[in-house]
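Every heavy atom of this structure was used, including side-chain atoms; hydrogens, water molecules and symmetry mates were not.
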Amino acid sequence: MKTVFLFSVILWSLSSAAESPISFNKEGNCRMDLEDPYSPDARMPGNGPYAGQCLDTRGVRAIQILDSQLLNKFQTAARPGSIIVANFKHNHQFWIAEIPTSEIKEVFMQQEVGKENIPIHHQARFVFNEGKGIRLFPQKKSQEAQFKEPVLVKDFVVTAIGLRPAELAGTPFSPLKGLKKSYGQGIGFASMDDTWKYDTLPLEHDLLQFRLKMTDKQKEKLVKFYIKRSDKVRESLEYHSVYENCVSELFQGFAKVAKVQKPFSGKWTNAKGDTQYVPWNTLEKLKLYNLIDDEYGSRISNISVEYKDRQATK
């Protein structure tokens, strides 16, 4: 019975707070922000009941890889080894971001938990070396008017989140609908501050954190994998509560750096022939990958404690 309950909760992994109902663009496309050139024209994929409807991408967007020369307009050059992307989320806005992929100091797997302290969502957190970080630049003209110098982001998260179609915009997530081709999915990049302030804290949730054992080369490989993966699939994925969700996307990256051929023992193959993985026993899988030694030795303070300590030292 305990296993069934735990599995039922994990199905709720589309945990980002629902945005309010909206009026979608009436100009024949699904761009949520007509001022923003990188606002995606995202529609619900597949052949389910909401196929073809616009997806609500106000909270999460896939990133888009850009030409490094784009930074010239801001009188700066891209740093060697950096990747330039659009749709990085910070302060509840989307930005052009310069990500120095070789400057990752630490990587954590985070588990989002509610009052019951049971994991309901998983994501990866990346922390940069001292003095390093992502530089943010305006993505649309209204941001340019206030731009003086790049914002420096010292840590960020990569998270796969379900996207609601127009008919379900503003409604609570339903695990049952998640089994029935009702949601899309996007792999988003956001600052840790943005995730804590706008996604985790409003729900009165917390984030458990587990430090992963990785070489500098593996850390760089992991962040590059997620960047390329997000840019490649954009908003074309169809969410599934079991087979295509936050865990399945996260562990594709973990398996890549650990050189694991079968990330989960339980697997299914979808109509396209792609392997999809069942989201359970994630800490045990990290041990098998040799990415953690044990649950307790790898765990650090919850993110709520970390932010409380930050406030105390200001």
Side-chain angles (χ1 to χ4, degrees), residues 36-40 57 59-110 123-140 143-144 146-161 186-200 207 209 211-212 214 216-232 234 249-250 253 257 303 306-307 310:
D36 187 343
Y38 303 104
S39 179
T57 56
V60 177
R61 295 180 188 173
I63 59 172
Q64 300 177 26
I65 298 176
L66 306 176
D67 191 315
S68 61
Q69 298 299 313
L70 184 142
L71 295 190
N72 292 343
K73 67 180 290 186
F74 302 110
Q75 288 75 53
T76 189
R79 293 169 292 183
S82 294
I83 298 177
I84 313 303
V85 304
N87 288 334
F88 183 94
K89 192 163 177 275
H90 175 68
N91 199 25
H92 217 44
Q93 300 181 64
F94 293 101
W95 303 83
I96 290 172
E98 178 203 30
I99 305 176
T101 58
S102 63
E103 294 291 348
I104 305 296
K105 179 181 180 181
E106 292 184 304
V107 181
F108 301 91
M109 184 182 78
Q110 294 182 321
Q123 59 194 26
R125 177 191 181 193
F126 294 83
V127 180
F128 288 102
N129 290 317
E130 187 68 28
K132 305 296 182 179
I134 293 173
R135 292 196 299 171
L136 299 184
F137 299 87
Q139 185 162 301
K140 57 184 184 180
Q143 293 172 324
E144 290 181 10
Q146 302 176 3
F147 178 72
K148 295 181 179 179
E149 60 182 9
V151 175
L152 188 68
V153 171
K154 299 179 180 180
D155 56 348
F156 69 100
V157 300
V158 177
T159 182
I161 295 289
I187 304 170
F189 283 57
S191 67
M192 186 68 255
D193 284 349
D194 186 276
T195 301
W196 170 245
K197 183 177 180 180
Y198 296 106
D199 292 333
T200 313
L207 295 170
Q209 304 189 99
R211 180 183 285 109
L212 303 184
M214 289 185 183
D216 289 343
K217 186 176 181 180
Q218 286 178 311
K219 296 168 189 173
E220 182 174 10
K221 184 177 182 179
L222 183 64
V223 71
K224 283 183 175 180
F225 172 84
Y226 290 138
I227 290 171
K228 292 176 182 177
R229 173 73 176 162
S230 181
D231 178 67
K232 178 181 178 180
R234 300 286 175 94
E249 288 299 327
L250 192 64
V257 299
I303 199 70
E306 190 173 320
Y307 271 86
R310 289 187 193 183

Any donor-acceptor pair under 3.5 Å from Tyr307 side chain to Asp193 backbone: yes
Is there side-chain contact between Lys154 and Val127, with heavy atoms separated by less than 4.5 Å? no
The criterion is side-chain hydrogen bond (donor to acceptor under 3.5 Å, both in side chains); which residues satisfy it with Asp36, sequence neighbours excluded? Arg61, Gln139
Got a donor-acceptor contact below 3.5 angstrom from the Ser230 side chain to the Ile63 backbone? yes
Apply side-chain hydrogen bond (donor to acceptor under 3.5 Å, both in side chains) to Lys232 and list each qualifying residue two or more places apart in sequence or on a separate chain. none
Any donor-acceptor pair under 3.5 Å linking the side chain of Gln146 with the backbone of Glu144? no
With sequence neighbours left out, write down each residue that passes side chain to side chain contact (heavy atoms under 4.5 Å, CB included) with Gln64, or none if nothing qualifies. Tyr38, Ala86, Asn87, Asp231, Arg234
Please round to the nearest 0.5 Å and tell me the distance separating atom CD1 of Ile303 and atom CE of Met192. 4.5 Å
Within this structure, what is the OG1-NZ distance for the pair Thr101 and Lys221, rounded to the nearest 0.5 Å? 13.5 Å
What's the spacing between Ile83 CD1 and Ile65 CD1 if we round to 0.5 Å? 6.0 Å
According to the salt bridge (charged side-chain N to carboxylate O under 4.0 Å, His left out) rule, which pairs have a member within residues 75-86, sequence neighbours left out? Arg79-Glu98
For residues Val60 and Thr57, determine if any side-chain heavy atom of one lies less than 4.5 Å from a side-chain heavy atom of the other. no
Close side-chain approach of Gln110 to Val157, heavy-atom, < 4.5 Å: yes
Say you draw a straight line from OG1 of Thr159 to CG of Leu250; how long is it, rounded to the nearest 0.5 Å? 8.0 Å
Are Glu220 and Lys224 within salt-bridge range, i.e. N to O under 4.0 Å? yes
Side chain Gln143, main chain Phe94, donor-acceptor under 3.5 Å: yes
Would you confirm whether Trp95, through its side chain, and His90, through its main-chain N or O, come within 3.5 Å as a donor-acceptor pair? yes
Non-hydrogen side-chain atoms of Gln123 and Thr195 separated by less than 4.5 Å: yes
So, for Leu136 and Phe147, which heavy atoms are closest and what is the spacing to 0.1 Å? O-CE1, 4.1 Å
What residue among Val153, Asp155, Val151, Val85 forms side-chain contact (heavy atoms from CB on, under 4.5 Å) with Ile134? Val153
I need the minimum non-hydrogen distance between Phe88 and Ala97, along with the two atoms involved. CB-CB, 3.6 Å
Just wondering, more than 12 heavy atoms not from Lys140 lying within 6.0 Å of its NZ? yes
For the residue pair Val257 and Phe225, establish whether any side-chain heavy-atom pair is separated by less than 4.5 Å. no
Ignoring hydrogens and geometry, is there a side-chain-to-backbone donor-acceptor pair from Tyr226 to Phe189 under 3.5 Å? no
Ring centroid separation Phe108 to Phe126 under 6.0 Å: no
Glu306: side-chain hydrogen bond (donor to acceptor under 3.5 Å, both in side chains) partners, not counting sequence neighbours: Arg125, Gln209, Arg310
Is there a donor-acceptor pair closer than 3.5 Å between any side-chain N or O of Ser191 and the backbone N or O of Asp194? yes
Ile227 CD1 to Ile187 CD1 distance, which is reported to the nearest 0.5 Å: 12.0 Å
Interatomic distance, CD@Gln93 vs CG@Asn91, rounded to 0.5 Å, equals 5.5 Å
Counting distance only, does the side-chain N/O of Asn129 pair as donor-acceptor with the main-chain N or O of Glu103 below 3.5 Å? yes
Mind checking what makes side chain to side chain contact (heavy atoms under 4.5 Å, CB included) contact with Thr76, not counting sequence neighbours? Leu71, Phe74, Arg135, Phe137
Side-chain (Lys219) to main-chain (Lys105) donor-acceptor, under 3.5 angstrom: yes
